[in-house]
Q: 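My questions will all concern the structure given below.
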Amino acid sequence: MNKSNFFEKVYLKVKKIPPGKVTTYGLIAESLETKDARKIGWALHINKDPKVPCHRVVGKNGKLADGFGMGGWEEQKKRLLKERIEFSDEKHVDLGKHLFNKL
DNA sequence: AAAGTGACGCATT
DNA sequence: TAATGCGCCACTT
């Protein structure tokens, strides 16, 4: 049942993201003292916990994830828009205004 | 144990 | 600018 403590750490970080803010895989990876951003996305991919705002986690350049597990990046974008988060492109969040780097 | 996988990141072509 | 390759680290089979 417990995949690994690593996942919990990821979830913990993501859960700390306040509404209206976003963060990147790389930033979370650094917070966890690792270099692998892939693990972050992976942890969120298998995640089913609605308490984890995975839609607030984007790529380095604010890019949304193609493989979002609930309907694709379009669903993610919809949620972000709901939190007043602005987009610089269809698939890119405006990190300059909403980046949360105080994990 | 070895090989394969993965919602990324960065360098190079 | 876009596309491709390689690296990274933990998990699954």
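Chain identifiers are assigned alphabetically (A, B, ...) following the order of the sequence lines, protein sequences preceding nucleic acid strands; residue numbering begins at 1 within each chain.
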Q: Measure from the side chain of A:Lys60, starting at C-beta and using heavy atoms only, and say which of B:dC10, C:dC9, B:dA7 lies closest.
A: B:dC10
Q: When you check the gap from the basic side-chain N to the acidic O, do A:Lys63 and A:Asp89 get nearer than 4.0 Å?
A: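 A:Asp89 and A:Lys63: not salt-bridged.
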Q: Within this structure, what is the CG-to-C1' distance between A:Leu44 and C:dC9, rounded to whole angstrom?
A: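 Checked: the CG to C1' distance equals 16 Å.
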Q: Base, sugar-phosphate, or nothing: which does A:Ala37 touch, judged by heavy atoms less than 4.0 Å apart?
A: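 Sugar-phosphate, backbone atoms only, no base.
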Q: Is the shortest distance from a Lys or Arg side-chain nitrogen in A:Arg56 or A:Glu83 to a carboxylate oxygen in the other one below 4.0 Å?
A: yes
Q: Mind calculating the distance between CZ (A:Phe6) and P (C:dC8) to the nearest angstrom?
A: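 Atom CZ in A:Phe6 sits about 15 Å away from atom P in C:dC8.
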Q: Rounded to whole angstroms, how far apart are CD1 on A:Ile46 and C1' on C:dC9?
A: 14 Å
Q: If I take atom CG in residue A:Leu32 and atom P in nucleotide B:dC8, what distance separates them, rounded to the nearest angstrom?
A: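 From A:Leu32 CG to B:dC8 P: 16 Å.
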Q: With respect to the side chain of A:Phe7, which nucleotide from B:dC8, C:dC11, B:dG6 is positioned closest?
A: C:dC11
Q: Could you state the atom-to-atom distance from CG of A:Asp66 to P of B:dC8 in whole Å?
A: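 That distance rounds to 8 Å.
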Q: Determine whether A:Val10 and A:Val52 make a side-chain contact, defined as any pair of heavy atoms from C-beta on separated by less than 4.5 Å.
A: no
Q: Quick one: A:Asn61 CG to C:dT1 P, roughly how many Å, whole number?
A: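 These atoms are roughly 11 Å apart.
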Q: Could you tell me if the side chain of A:Tyr25 sits less than 4.5 Å from the side chain of A:Lys60, heavy atoms only?
A: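 Contact flag for A:Lys60/A:Tyr25 side chains = no.
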Q: Is there a side-chain polar atom (N or O) of A:Lys35 under 4.0 Å from OP1 or OP2 of B:dG9?
A: no
Q: Would you say the side chain of A:Arg38 and the base of C:dC9 hold a donor-acceptor pair, judged only by whether the two atoms sit under 3.5 Å apart?
A: no
Q: A:Asn47 CG to C:dC11 P: how many Å, rounded?
A: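 Checked: the CG to P distance equals 15 Å.
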Q: What is the separation between atom CG on A:Leu27 and atom P on B:dC8, rounded to the nearest whole Å?
A: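 Spelled out: CG on A:Leu27 to P on B:dC8 is 16 Å.
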